[in-house]
**Q** 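Dropping the structure in here first, questions after.
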Amino acid sequence: MEFSSVYDPKQVEEKWYGYWEEKGLFRADENDGREPYTIVIPPPNVTGNLHMGHALNNTLQDILIRWQRMAGKSALWMPGMDHAGIATQNVVERLLKEEGKSRDDLGREKFVQRVWEWKELYGGKIKDQLRRLGCSLDWPRERFTLDEGLSRAVRRVFVTLYEEGLIYQGNRIINWCPRCETAISDIETEYNDLEGSLWHIRYPVAGTNEFITVATTRPETMLGDTAVAMNPADGRYAHLREKKVVLPLMNREIPIIEDEFVSVEFGTGLVKVTPAHDPNDFEMGLRHNLPQINVLDENGVINEHGGAYRGLDRYEAREKVVKDLEALGLLEKKEKHLHSVGHCYRCHTVIEPYLSLQWFVKIKPLADEAILAVEKGKIKFVPKNWEKTYYEWMYNIRDWCISRQLWWGHRIPAFYCGQCGRVMVSMEDPVSCDACGSGNIRQEEDVLDTWFSSGLWPFSTLGWPDETPALKKYYPTSVLVTGFDIIFFWVARMIMMGLKFMDDAPFREVYIHALVRDEQGQKMSKSRGNVIDPLIMMDKYGTDAFRFTLAIFAAQGRDIILSEKRIEGYRSFCNKIWNATRFIGTNLGGDFAPGGISADSLEHFDRWILHRLNRAISDVTAALAEYRFNEAAQNIYDFWWHEFCDWYLELTKQRLYGKGEDAAVRASADTAKRVLYLVLKKSLQLLHPFMPFITEEIWHMFSVPGEGPIIMSPWPEPDPSFDFPSDSDDAELFKDVLYRIRNIRGEMNVPPDRKARVIFKTVSKRTAAMLRREEAHIRALARAGEVVIDGAYVPDKTDASAVMPGLEIYLPLKDLIDIDKERARLGKELDRVTGDLERVEKKLASPDFTGRAPEQVVDKERVKRDELLALAAKLKESIDKLS
RNA sequence: GGGCGAUUAGCUCAGCCGGUUAGAGCGCCUGCCUCACAUGCAGGAGGUCGUUGGUUCGAGUCCAAUAUCGCCCACCA
C-alpha cells in the first residue's frame, strides 16, 4: 500500500477483518488443552442496529478477548442474537400494516413464518456492524434464542420448573399493554411522572340522602367498582359501617368495606375498589371476597361489563364518564394531580393494570440462591457498588410474569385437555390427555417472555441440556460485560438460572460499564434525536480511533459523555503511530535483520526506553486485569506518544543519520534499529486489543517469516533484563535540562535557526558526565551551538539562566536578551520556589510532623528543603545580577 | 420515601493504597511547513479540587453534614 503521511483507515480496515475471519483466528477450540476464557455476548435484538451502547459494550469485550487470546488462553467470545419478542413482532406487524394487513389476517402460523422470513432477510444487520467494529466473535458458533437447540433448553427449563412447582398459572393483576396486546412484567413497565387529574366523585349512600366522595385518577374504572373502602379506625365514617352505596352510572349497589390499606390522610379517606383494574384493589378484593369485574378488553376498549360505555376506548370512556357524572351533579371537583404512570417499555403506551390468567415463576427460591452466590463472592460485580443495587432488587423481587400474548417467541409447552381441562406440561407434545385419554388437546397460545430464554444464554449457547465438550470447557464464563440497565432484566435472571440448572454461577465477574450520553449529558435515544451514530463515527475517523476513544472514556462508575472532538483527537493518535512507523520503516532499511539485543551495546536512552517499555507493559496489563480500560488506554497513549515518539525516536536520529563509515557509529545505529524494532513491535501488541486494524497492518509490514499475525502473537511480558532504573533517572534529568533550555529559548523568542551556546555549571561529576555524554543530543534537541561544562563559570549579565538542583544552565544571549522579561521569568520561578520552601519549612518546623511521620517522608522533605534553599539563593543571585 | 453516583483548568474528563510542583485531550496565546507526522513540533497562560466541619503529622483522596445536578427503585385512591 501507499506509505502516505496520512493514515487512511478505510483501506486498512477493509482487508483485515476478512483475513482474520477467513483464517479462523476468532475460533476457540474446546480441545486445545488451554485454560478457557469465555465471554458470551449480550445478544443484540435481531431487529437491532448498532448504537453507542453496543459499540462501547462490544469494544470492551473485544479488548478483553483479544488480550486474553494473546495471553494464551482458549478465548471464546460467543456470538448470537435475541429474538426480542415484542420488538420483532412489532416490526413485522408494521410492515404488514403497510400492506393493509394485520397479523390476524395471516393467522398465527403464517405470521410466524413471515417473521422468520423477515429475520433471514433483514434481521441481524447488526452482525455486519459488529464486524465493522472489529469484534473477534467465534461466528460459526453463533446462536439465536429461537433456534432449535435453545428452544430445547427453554422447554427443559420450563418443564423442570413446572414440575418443581416453581412455575404456576394464576389469575392476577398484571401490566397490560393495550397496544401490544400482551402482558408485560413489572420491570418492563417504565414509570414516568405525568400531570394528570384527580376526580372527586360522589357516590350516594343507599337508602339515605347522604353522599360520600371518592377520588380517582382513572374514573372509567368505576364501571368495575365492587366496593368502597374505608379505614376501620376512621371515626368520620363510623356511621357508614355495613352500609352500601349505589354506584353511579351503573346503578349497582356495592358494599362499604373496612380495610387497613386505606389511608385516613389521603383524599377523603374513602377509596373506590376496582379489583380487576388495580393491584391494591385486587388484594383488597381477595381479602373481602369481592367480585372482580373486568370492564376492558385487550385493546383497552370498554367491554360488555361497562354498560352504556361498551365499545368506547378507555380515554373516550373516561371523558364520557366524567361528563355524565357532571350532568348528574356527582362530580365534586377535578384537581390537577402529578402521579407516575406506567408505560410499556417497548411502545411507550400507557399500561393498564389488568386481571388475567398468566404464567408466573415463583422467584423467591431462585432469588435466595442468587443472593447467596454474590454474598459468598462466587460472583463479583465490578464496580462493586452495583452489588447493592442487585441485592436491593433481589430482596424485594416479586413473582415473574413470563407469559406473553404474542406469537413470536417460545410457545409455552403447556397443553390443555378439551375434555377434562387437565393441564399437561412435558418435554414431548402429548397426543392424548394423560388423565382422561381424550385426544382433544390444544397447546397454550401464549409465548414466553424474551428474557426467559436470554436468562439461559450462558449455558444454552454452549449446548445445554446436552453435556457438550464446549459446555464443559467454557462454562462458567469468565466475565459478563454489560450496562447497568439490564442488571434486573438479564444479569439477575442468568444468575438464578445458571445456579439452578448448572449448579454454578454463569460468570465469575460482572463488569458493569457506563451509559453513553450526549454532550449535554442526556441519555442518547432516538426520540430525543440526540444519537451519535457509531457507524458514522467509524466512517469519519476510523474504527480504531473510535474504539480507542470509547476505551479511554470507560472509567469505572461514570457515564460517558461522548464528544466527537475526542474521537478526532485519537484519529491523530493513529496518524502519529502511522508516521512513527514510517520513520522506523525508512530507517531500518531493506537489509535490516531483527535479532537479539546485546546488553553491552545498549546506550543510555536505549536502556531508558526499554525500561519504560517494561513499565508500560506491566501497567497496561495490570489495568486490564482490573477492568480499568481508561488507564490501560491512557498508558499506551502516553508511552507511544510522549515517550517513544517524543523522545526516543528523536534521540535515535543522531545515531541513524550519523555519517561516516566509523564502526562505532554503525554499531550504534544498528543497536538503535534493533531497539526501535523491538519497542515498535511490543507496543503494537499492547495496542492491538484497542486498535486491532492499524496494529495488524503495521505488524505485517515488519513481520519476519513464520511469525503470524499480531492477533495470534503472544501478549508482551516485562523483560527483567530491561530493568534499568538508574538510566531512567538520568534520562529524566536530561529531559528536564532540555525543558529548561527550550523554555528560555521560547520565552526569549530566540529564533529557531539561531544556535545558542549553552553553559552548564555543576560540581556533580555524575551530572557532568551525563551532560558530556549526551552533548550531541543536547545540541540537536535544544538547537544548541557550543556546549560547555564549566564548574567555575561566571555568568554575564546578558546570560539567560535556569537553576536546577546541583546544576545551573546559562545561555549567553547578548543582543537577544530582554532584561525585563528575564527578570520576570526568574521572579516567577523564585516565587514558586519560595512558596514551596515556605510549605516545606512549616512542615519541618512542626514537631508533630517530624515526630510522627515516617522517617522516609521526613527525610524527603529535608532534602527538598535543602534543594529549594539552594535554588532560591541561585535565583536571587541571578536576579540581582540583572539589575 | 429508599438507594446510588457526580461536583477537579474555558469545555470533556483522569487522579488506585492519603505523602514531590494536582494531570490529559480539546480550546486559547507565542514561535515554527526542522529531512516520520501541520491529524505535526517547541514553548506558554489557565485550577484556593461545590460548601462547611471532622479524622490525621499530612486530605482533591478518608468520615460527617450541606448544596446543586443526574440516575435507579418503591408509593401515589
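Each chain gets a letter, A, B and so on, in the order its sequence line appears, and its residues count up from 1.
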**Q** Is there a Watson-Crick or G-U wobble partner for U55(B) with both distances under 3.5 Å, and if so, which one is it?
**A**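 Partner of U55(B): none.
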**Q** Separation of Arg566(A) atom CZ from C11(B) atom C1', in whole Å?
**A**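 Atom-to-atom, Arg566(A) to C11(B), this comes out as 11 Å.
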**Q** Roughly how many Å is it from CG in Asp193(A) to P in G70(B), rounded to a whole number?
**A**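 Going from CG in Asp193(A) over to P in G70(B) covers 13 Å.
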**Q** So Arg832(A), base contact, sugar-phosphate only, or nothing? Heavy-atom distance under 4.0 Å.
**A**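 Base, at least one base atom sits under 4.0 Å.
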**Q** For Arg825(A) and Asn743(A), does a side-chain donor sit closer than 3.5 Å to a side-chain acceptor?
**A**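 Side chains of Arg825(A) and Asn743(A): pair found under 3.5 Å.
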**Q** If pairing requires Watson-Crick or G-U wobble contacts with both distances under 3.5 Å, which nucleotide is the partner of A74(B)?
**A**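 The answer is none; no pair meets the criterion.
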**Q** Which pair of heavy atoms, one from Gly342(A) and one from Thr189(A), lies closest together, and at what distance?
**A**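 Smallest interatomic distance, heavy atoms only, reads CA-CG2, 3.7 Å.
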**Q** Is Arg862(A) close to Leu844(A) at the side-chain level, that is, under 4.5 Å between some pair of heavy atoms?
**A**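 Heavy-atom side-chain distance check passes, below 4.5 Å.
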**Q** Between Phe690(A) and Phe573(A) (judged by ring centroids, cut-off 6.0 Å), do the two rings come close enough to count as a pair?
**A**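 Not under 6.0 Å, so no.
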**Q** Considering only side-chain heavy atoms of Ala853(A), which listed nucleotide, C32(B), G19(B), C71(B), is closest?
**A**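 The closest nucleotide is G19(B).
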**Q** In whole Å, what is the span from the CG atom of Asp485(A) to the C1' atom of C71(B)?
**A**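 After rounding, the gap between these two atoms is 11 Å.
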**Q** Does anything in residues 736-744 of chain A reach RNA chain B, meaning a heavy atom under 4.0 Å, and if so which residues?
**A**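 Contacts with RNA chain B under 4.0 Å: Tyr739(A), Arg742(A), Asn743(A).
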**Q** What does G47(B) pair with, Watson-Crick or G-U, if both distances are under 3.5 Å?
**A**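 Result: none.
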**Q** I want to check one thing: is the phosphate of C41(B), taken as OP1 and OP2, less than 4.0 Å away from some side-chain N or O of His642(A)?
**A**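 So the side chain of His642(A) is outside the cut-off, no N or O lying under 4.0 Å from OP1 or OP2 of C41(B).
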**Q** By nearest nucleotide on RNA chain B, pick out whichever of Arg839(A) and Ile552(A) is the more 5' one.
**A**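 Looking at RNA chain B, the more 5' nearest nucleotide goes with Ile552(A).
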**Q** Between the protein and nucleotides 4-6 of chain B, list every N/O to N/O distance that falls short of 3.5 Å.
**A**
from	atom 1	to	atom 2	distance (Å)
C4(B)	OP1	Lys388(A)	NZ	2.9
A6(B)	O3'	Arg558(A)	NH1	3.2

**Q** Would you indicate what Val214(A) reaches in the nucleic acid, counting non-hydrogen atoms under 4.0 angstrom: base, sugar-phosphate, or nothing?
**A**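 Result for Val214(A) = nothing.
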**Q** Is the closest basic N to carboxylate O distance between Lys540(A) and Glu568(A) below 4.0 Å?
**A**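 No salt bridge links Lys540(A) with Glu568(A).
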**Q** Taking A14(B) as the reference, what is the distance to A65(B) when you measure between their P atoms (whole Å, please)?
**A**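 The answer is 25 Å between these two P atoms.
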**Q** Name the pairs: protein N/O against N/O of nucleotides 37-39 of chain B, kept only if under 3.5 Å.
**A**
from	atom 1	to	atom 2	distance (Å)
C37(B)	O4'	Asn579(A)	OD1	3.0
C37(B)	O4'	Asn579(A)	ND2	3.4
C37(B)	O2'	Asn575(A)	ND2	3.3
C37(B)	O2'	Asn579(A)	ND2	3.3
C37(B)	O2	Lys576(A)	NZ	3.1
C37(B)	N3	Lys576(A)	NZ	2.9
U39(B)	O2'	Asn575(A)	ND2	2.8
U39(B)	O2	Arg571(A)	O	3.4

**Q** Just call it for Tyr637(A): base, sugar-phosphate, or nothing, with non-hydrogen atoms closer than 4.0 Å on any strand.
**A**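 Here Tyr637(A) touches the backbone only, sparing every base.
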**Q** Using a 4.0 Å heavy-atom cut-off, does Glu392(A) contact any base of the nucleic acid, only the sugar-phosphate backbone, or nothing at all?
**A**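 Nothing, no nucleic acid heavy atom in range.
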**Q** Mind checking whether Leu649(A) and Glu643(A) have side chains closer than 4.5 Å, heavy atoms only?
**A**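 SC-SC contact between Leu649(A) and Glu643(A) ruled out.
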**Q** Give, for atom CZ of Arg742(A) and atom OH of Tyr739(A), the distance between the pair rounded to the nearest 0.5 Å.
**A**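 Rounded to the nearest 0.5 Å, the CZ-OH separation comes to 7.5 Å.
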**Q** For the pair Phe583(A) and Tyr657(A), name the ring-plane relationship: parallel under 30°, tilted 30 to 60°, perpendicular over 60°.
**A**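 Aromatic pair Phe583(A)/Tyr657(A) classed perpendicular.
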**Q** For atom C1', what is the distance between C69(B) and A74(B), given to the nearest Å?
**A**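 It comes out at 22 Å once rounded to the nearest Å.
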**Q** My understanding is that a pair needs two contacts under 3.5 Å, Watson-Crick or G-U wobble. By that rule, which nucleotide pairs with C17(B)?
**A**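 Check on C17(B): unpaired, no WC or wobble geometry under 3.5 Å.
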**Q** Hunt down the Watson-Crick or G-U wobble partner of A42(B), both distances under 3.5 Å, from any strand shown, or write none.
**A**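 Paired with U30(B).
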**Q** Distance check, C1' atoms only: U21(B) and C28(B), in whole angstrom units.
**A**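 Taking atom C1' in both U21(B) and C28(B), they lie 23 Å apart.
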**Q** Are any side-chain N or O atoms of Asp278(A) and backbone N or O atoms of Asp281(A), one a donor and one an acceptor, separated by less than 3.5 Å?
**A**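 Judged by distance alone, yes, a pair lies under 3.5 Å.
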**Q** Side chain to side chain contact (heavy atoms under 4.5 Å, CB included), that's the test. Do His513(A) and Tyr627(A) meet it? Break it down for me.
**A** CA-CA 10 Å; His513(A) 64 242; Tyr627(A) 304 102; over 6 Å; no
**Q** For the pair made of CZ in Phe553(A) and C1' in C11(B), what is the distance, rounded to whole Å?
**A**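 Whole-Å distance recorded here is 11 Å.
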**Q** Determine which nucleotide pairs with G5(B), using a 3.5 Å limit on both distances of a Watson-Crick or G-U wobble pair.
**A**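 Answer to the pairing question: C69(B), which forms a Watson-Crick or G-U pair with G5(B).
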**Q** May I ask you to establish whether Arg566(A) and Phe553(A) are in a cation-pi arrangement, using a distance under 6.0 Å from NZ or CZ to the six-membered ring centre and at most 45° from the ring axis?
**A**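 Relative to the ring axis of Phe553(A), which defines the angle, Arg566(A) lies inside both limits.
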**Q** Say you draw a straight line from CD of Glu387(A) to CD1 of Ile371(A); how long is it, rounded to the nearest 0.5 Å?
**A**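 Rounded to the nearest 0.5 Å, the CD-CD1 separation comes out at 12.5 Å.
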**Q** Using the C1' atom as the reference point in each nucleotide, state the distance between G10(B) and U51(B) in Å, no decimals.
**A**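 Rounded to whole Å, the distance is 23 Å.
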**Q** Which nucleotide, U34(B), C57(B), C41(B), lies nearest any side-chain atom of Asp646(A)?
**A**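 Looking only at side-chain atoms, Asp646(A) lies closest to C41(B).
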**Q** Would Tyr7(A) and Asp544(A) satisfy side chain to side chain contact (heavy atoms under 4.5 Å, CB included), going step by step from the backbone distance to the final call?
**A** CA-CA 11 Å; Tyr7(A) 171 63; Asp544(A) 286 327; 3.9 Å; yes
**Q** Taking atom C1' in both C57(B) and G46(B), compute the distance separating them and give it to the nearest angstrom.
**A**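 To the nearest whole Å, 33 Å.
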**Q** Which one, U12(B), C71(B), G19(B), comes nearest to the side chain of Phe484(A)?
**A**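 Nearest listed nucleotide: C71(B).
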**Q** Does U12(B) have a Watson-Crick or wobble mate here (both distances under 3.5 Å), and if so which one?
**A**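 Result: A24(B).
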**Q** Remember a base hit wins even if backbone is also touched, and classify Val262(A) as base, sugar-phosphate or nothing at under 4.0 Å, heavy atoms.
**A**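 Base, at least one base heavy atom under 4.0 Å.
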**Q** What is the nucleic acid contact for Arg745(A), judged by heavy atoms within less than 4.0 Å: base, sugar-phosphate only, or nothing?
**A**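 No contact.
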**Q** Say you pick atom C1' in C63(B) and the same atom in G18(B); how far apart are they, in whole Å?
**A**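 Rounded to whole Å, the distance is 13 Å.
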**Q** When rounded to the nearest Å, what value does the distance between C1' atoms of C75(B) and U66(B) take?
**A**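 Rounded to whole Å, the distance is 27 Å.
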**Q** Students often get this wrong, so: under 4.0 angstrom with heavy atoms, is Cys574(A) touching a base, only sugar-phosphate, or nothing?
**A**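 Answer is nothing: Cys574(A) stays at 4.0 Å or more from every strand.
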**Q** Touch check for Ser263(A), heavy atoms < 4.0 angstrom, all strands: base, sugar-phosphate only, or nothing?
**A**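 The residue Ser263(A) makes base contact.
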**Q** Need one value for Pro751(A): base, sugar-phosphate or nothing, where a base atom within 4.0 Å counts as base even if backbone is also close, heavy atoms only.
**A**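 Since no nucleic acid heavy atom lies under 4.0 Å of Pro751(A), the category is nothing.
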**Q** Return the nearest nucleotide to the side chain of Lys860(A); candidates are C32(B), G19(B), U30(B).
**A**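 Closest of the options to the side chain of Lys860(A): G19(B).
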**Q** Work out how far the P atom of A67(B) is from that of A22(B), and round it to whole angstrom.
**A**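 Their P atoms lie roughly 32 Å apart.
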**Q** Hey, which sits more toward the 5' end of RNA chain B by its nearest nucleotide, Leu198(A) or Glu626(A)?
**A**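 Comparing both residues, the 5'-ward one is Glu626(A).
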**Q** Whole angstrom is fine here: how far is it from CD in Glu829(A) over to C1' in U21(B)?
**A**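 After rounding, the gap between these two atoms is 10 Å.
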**Q** Where the side chain of Lys565(A) is concerned, which of G19(B), A36(B), C26(B) is the nearest nucleotide?
**A**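 Out of G19(B), A36(B), C26(B), the nucleotide with an atom closest to Lys565(A)'s side chain is C26(B).
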**Q** Please determine, by modelled atom types, if Asn231(A) and Tyr237(A) share a side-chain donor-acceptor pair under 3.5 angstrom.
**A**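 Checked: Asn231(A)/Tyr237(A) side chains show no N/O donor-acceptor pair below 3.5 Å.
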**Q** Please say whether the positively charged group of Arg571(A), taken as NZ for Lys or CZ for Arg, lies over the ring of Tyr541(A), i.e. under 6.0 angstrom from the six-membered ring centre and within 45 degrees of the axis.
**A**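 No, a cation-pi geometry is absent between Arg571(A) and Tyr541(A).
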